[in-house]
Amino acid sequence: MKILIANDGSEFGDNAVKVAAGLLKGNAAAEIKVVTVIEPAAGTELETIIESTDELINMENPAYVTALRMVTASAEALAASGMTSVLYEVLSGPPARRIVEAADEWKADLIVVGSHGRGYWSRAMLGSVSDRVTHHANCSVLVVRK
């Protein structure tokens, strides 16, 4: 089984990693990939689509260095809990889209993502990565709540 865990570095993302580790305890054969996404500082979705994101994945970008430390720590925590195959990657672009694309490219069986627990109106105004992933993923999605 291939499981992609999306962690944004928040307590909700860290909780997704912990829940996934608990679910996988004793299943060392599972393949795990932890991803995080650096979002461009574009003002609109259209600008985000147009803007090149390749320059964000660069050791000179402080956001990339922070994201890399976070996914590395998540992967190390999963490996310490007994997982034998743990990968990690920092992606760039619109988070929900990139998570779904990464799951498709890697042929994940399951995506685990944390939820910030926003209500209906907050999601409608701000959007929700977990909501978008749930609606657009081609595999099962586990949304971990607080």
Side-chain angles (χ1 to χ4, degrees), residues 1-24 28-118 122-146:
M1 178 172 229
K2 295 175 93 170
I3 301 168
L4 185 127
I5 305 169
N7 185 354
D8 63 358
S10 70
E11 66 178 296
F12 307 98
D14 290 340
N15 196 31
V17 173
K18 289 176 189 170
V19 168
L23 290 173
L24 295 167
E31 297 177 60
I32 310 296
K33 185 172 190 177
V34 182
V35 298
T36 193
V37 183
I38 301 172
E39 193 169 9
T44 68
E45 185 72 20
L46 180 59
E47 290 172 20
T48 302
I49 292 168
I50 294 170
E51 182 179 342
S52 172
T53 58
D54 292 338
E55 68 272 4
L56 295 174
I57 306 298
N58 181 329
M59 287 302 284
E60 294 178 15
N61 179 359
Y64 173 76
V65 173
T66 300
L68 185 60
R69 279 191 202 123
M70 188 270 301
V71 293
T72 303
S74 295
E76 288 171 353
L78 287 162
S81 72
M83 300 296 106
T84 56
S85 178
V86 183
L87 305 171
Y88 58 89
E89 185 175 10
V90 178
L91 307 169
S92 63
R97 187 185 79 191
R98 291 298 292 133
I99 291 166
V100 170
E101 289 172 351
D104 287 345
E105 290 166 11
W106 192 56
K107 296 180 179 28
D109 299 303
L110 175 68
I111 299 171
V112 180
V113 62
S115 173
H116 286 246
R118 293 188 180 110
S122 293
R123 275 196 317 272
M125 297 299 289
L126 300 173
S128 168
V129 171
S130 60
D131 188 53
R132 289 180 184 156
V133 169
T134 301
H135 285 90
H136 297 286
N138 294 312
C139 63
S140 297
V141 178
L142 172 61
V143 178
V144 178
R145 300 212 179 271
K146 190 172 166 182

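- From K18, atom NZ reaches atom OG of S74 across 10.0 Å, with rounding to the nearest 0.5 Å.
- Each of L23, V113, V19 was scored for a side chain to side chain contact (heavy atoms under 4.5 Å, CB included) with V144, with one residue passing: V19.
- When all heavy atoms of V143 and T134 are compared, the pair lying nearest together is CG2-OG1, 3.6 Å.
- Looking at residues two or more places apart in sequence or on another chain, you find a side chain to side chain contact (heavy atoms under 4.5 Å, CB included) between D14 and N7.
- For the pair A108 and L4, the tightest heavy-atom approach, listed with the atom from each and the gap, is CB-CB, 4.1 Å.
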Show which side-chain atoms of residues 60-67 pair as donor or acceptor with protein atoms under 3.5 Å away, not counting sequence neighbours.
| unit_1 | atom_1 | unit_2 | atom_2 | d |
| --- | --- | --- | --- | --- |
| N61 | OD1 | A63 | N | 3.0 |
| N61 | ND2 | L56 | O | 3.0 |
| T66 | OG1 | P62 | O | 3.0 |

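- Scanning all heavy atoms of the two residues, the minimum distance from T36 to D8 falls at OG1-CA, 3.9 Å.
- The two residues A75 and Y88 come nearest to each other via the heavy atoms CB-CD2, 3.7 Å.
- Remark: E101 pairs with R97, R98 by the salt bridge (Lys or Arg N to Asp or Glu O under 4.0 Å) rule, at least two apart or across chains.
- For S81, the side chain to side chain contact (heavy atoms under 4.5 Å, CB included) partners at least two apart in sequence or on another chain are A21, M83.
- Checked options I3, V112, L110; the residue passing with S140 is L110 (criterion: side chain to side chain contact (heavy atoms under 4.5 Å, CB included)).
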Exercise for review: Might you work through the side-chain contact (heavy atoms from CB on, under 4.5 Å) test for V100 and R132, ending with a clear yes or no?
Suggested key: CA-CA 9 Å; V100 170; R132 289 180 184 156; over 6 Å; no

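- Listed by chain and residue number, M1, K2 satisfy the side chain to side chain contact (heavy atoms under 4.5 Å, CB included) test with D109 (two or more places apart in sequence, or in another chain).
- Every residue two or more places apart in sequence or in another chain that forms a side-chain hydrogen bond (donor to acceptor under 3.5 Å, both in side chains) with H135 is listed here: D131.
- Two residues are said to be in side-chain contact when any heavy atoms from C-beta on lie closer than 4.5 Å; V37 and V129 fail this criterion.
- Separation of atoms NE2 (H136) and CG (D104) is listed at 12.0 Å; rounding is to 0.5 Å.
- Residues A137 and I111 share a closest heavy-atom pair of CB-CD1, 3.8 Å.
- S115 and R145 make their closest contact through OG-NH1, 3.2 Å (heavy atoms, listed as atom of the first residue, atom of the second, distance).
- Separating the CD atom in E89 from the CH2 atom in W106 is a distance of 10.5 Å, to the nearest 0.5 Å.
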